[in-house]
Amino acid sequence: MALRRSTRLSALLPLTSALPAPTPTSQRRNGVTKARKPSTKERQRKAQTVENIDLHPQSLIDPNTTQQNPTTTAPPLPPPSPPPSAAAANAQAHNENYWESTPVQGKRPQTPPPLNRPVEPHRTNATILTPHGSSLVAYPPGTTGTDISPSKPGLPRPTATTGTLLEKATAHLVATDPRLEPLIKAHRCNLFSPEGLAEKIDPFRSLVGTIIGQQVSGAAARSIREKFVALLWGLNHTGDHEVEEDENQGYFPTPEEIVRVDIPTLRTAGLSQRKAEYIHGLAEKFAGGELSARMLLNASDDELLEKLTAVRGLGRWSVEMFACFTLKRTDVFSTGDLGVQRGCAAFMGKDVSKLKAKGGKFKYMSENDMLELAARFAPYRSLFMWYMWRVEEVDVSVMAG
């Protein structure tokens, strides 16, 4: 049971004799000795002394006294560790290239990065939520301006931050091709705005939403997602398939909760057999650690594509949309998206209506022509792609998962 402050002070009073003698607080003026008011520094010093008495009794030992109580002598400090090699230091810096909102056991909490964070075009710029509640923020190694992009060496690296990205990116687009200026003035890209980049994103939830939304309308996807969440909430909180409406506000199942449910039960939420299998397999990869929020934070573009396309139900287009809309990577460009193809063709002055009759995957514009066009807008091709959707007024709200 903790003692009161006054009790602890009383118990420590005998030790105060070891303190240095107090500074005289009297002064003589006109032959009369008057008590002098202690200065502000003296009052602060006195308050600090009392605090030290209360919290650190060991500090009452006179530093000028060489004799010490052997029972309270501190053990000798261990010899200093040799400095790490350059390779080890670089590896450690790479592994700790993020900030987590909740402390990790056995690891010193890191200083939170500034809200106006440097932007890395080929890594995640969004604030990532883990399935268990903490959040991760990328802290790019290029804050000193000396590093190059880890996945795309040789490409220009922007100096934008999360606060200035939209301004710098749109200025770059207009400087590259002035024809974009009216489009940019008419449509603000909130996805890469300061508030858009500050939004916390759950990548697991987004990927599940991507699978649910495949080959169905936006309204159907929302209905299935609501039934899916209600089903998992009921099973994990009430043990029942049926729950009252609005009971599960803010809830989304964790990978572990989904893994515990069999495929036939998942299908009762309106999922097809394949989609139920895809979501179950995705949850298994997150629950087993093969996929994680931390990996999605710092993976290169190629690593991201390799890891996610290994999941059944996620193809290249799905990963590209996920990288742009969820992870907020600034240099994504999808040639396989029909809306982007149409927009690029129209932007280049082609009559899109006359191109509909042509078959093939790239019926509006060839892949090479699209890549050549977009290359000029690096490292902000994600924003260029967003404005190509705007050319043809494509609804991109369902692409965010």
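Scanning for side chain to side chain contact (heavy atoms under 4.5 Å, CB included) contacts around Ile224 gives Ile212, Leu271, with sequence neighbours left out. Qualifying side chain to side chain contact (heavy atoms under 4.5 Å, CB included) partners for Glu320, counting only residues two or more places apart in sequence or in other chains: Arg316, Val332, Ser334.
When all heavy atoms are compared, the tightest approach of Ile201 to Ala126 is CG1-CB, 4.2 Å. The heavy-atom pair separating Ala346 from Val352 by the smallest distance is CB-CG2, 3.7 Å. Nearest heavy atom pair, residue Gly339 against residue Val394, reads CA-CG2, 4.0 Å. Residues Thr161 and Val119 approach most closely at C-CG2, 3.4 Å, considering heavy atoms. Annotation for Thr330 and Pro379: closest pair OG1-O, 3.0 Å, computed over non-hydrogen atoms. In plain terms, the two heavy atoms of Phe347 and Val391 that are nearest each other are N-CG1, 4.4 Å.
Without hydrogens or angle criteria, His280 side chain to Val261 main chain gives a donor-acceptor distance under 3.5 Å. Asn190 places no side-chain N or O within donor-acceptor distance of the main-chain N or O of Ser193, the cut-off being under 3.5 Å. Side-chain atoms of Gln214 come within 3.5 Å of backbone atoms of Gly313 as a donor-acceptor pair (strictly under, hydrogens ignored). Of the possible donor and acceptor atoms, one in the side chain of Arg117 sits under 3.5 Å from a partner among the backbone N and O of Asn125. Here the side chain of Ser292 pairs no donor or acceptor atom with the backbone of Gly289 at under 3.5 angstrom. Of the possible polar contacts, none joining the Glu392 side chain to the Val340 backbone as a donor-acceptor pair under 3.5 Å is found. With hydrogens and angles disregarded, no donor-acceptor distance shorter than 3.5 Å links the side chain of Asp331 to the backbone of Pro121. Remark: the backbone N or O of Gly196 is paired with a side-chain donor or acceptor of Lys328 at under 3.5 angstrom. Counting only distance, with no hydrogens or angles, the side chain of Thr210 and the backbone of Ser206 share a donor-acceptor pair below 3.5 Å.
Between the side chains of Thr124 and Arg329, at least one donor N or O sits under 3.5 Å from an acceptor N or O. Donor-acceptor pairing under 3.5 Å is recorded for the side chains of Glu257 and Tyr251.
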TODO: Applying salt bridge (charged side-chain N to carboxylate O under 4.0 Å, His left out), run through Glu181 and Lys185 and close with a yes or a no.
DONE: CA-CA 6 Å; Glu181 186 171 9; Lys185 286 184 176 180; 3.4 Å; yes
Distance-only donor-acceptor hits, side chain of residues 166-173, under 3.5 Å, sequence neighbours excluded:
| residue | atom | partner | partner atom | Å |
| --- | --- | --- | --- | --- |
| Thr170 | OG1 | Leu166 | O | 2.7 |
| Thr170 | OG1 | Glu167 | O | 3.2 |
| His172 | NE2 | Ala378 | O | 3.2 |

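The line from CD1 of Ile128 to CG of Asp202 is 8.5 Å long, rounded to the nearest 0.5 Å. Summarising the geometry, atom CZ belonging to Phe228 is positioned 13.5 Å from atom OG belonging to Ser223; distances are rounded to the nearest 0.5 Å. Between Leu373 atom CG and Asp177 atom CG the span is 8.0 Å, to the nearest 0.5 Å. Between atom CG of residue Asn236 and atom CZ of residue Arg260 there is a gap of 5.5 Å, rounded to the nearest 0.5 Å.
The ring pair (Phe, Tyr, Trp, His ring centres under 6.0 Å) test with Phe377 singles out one residue from Tyr387, Phe333, Phe384, and that residue is Phe384.
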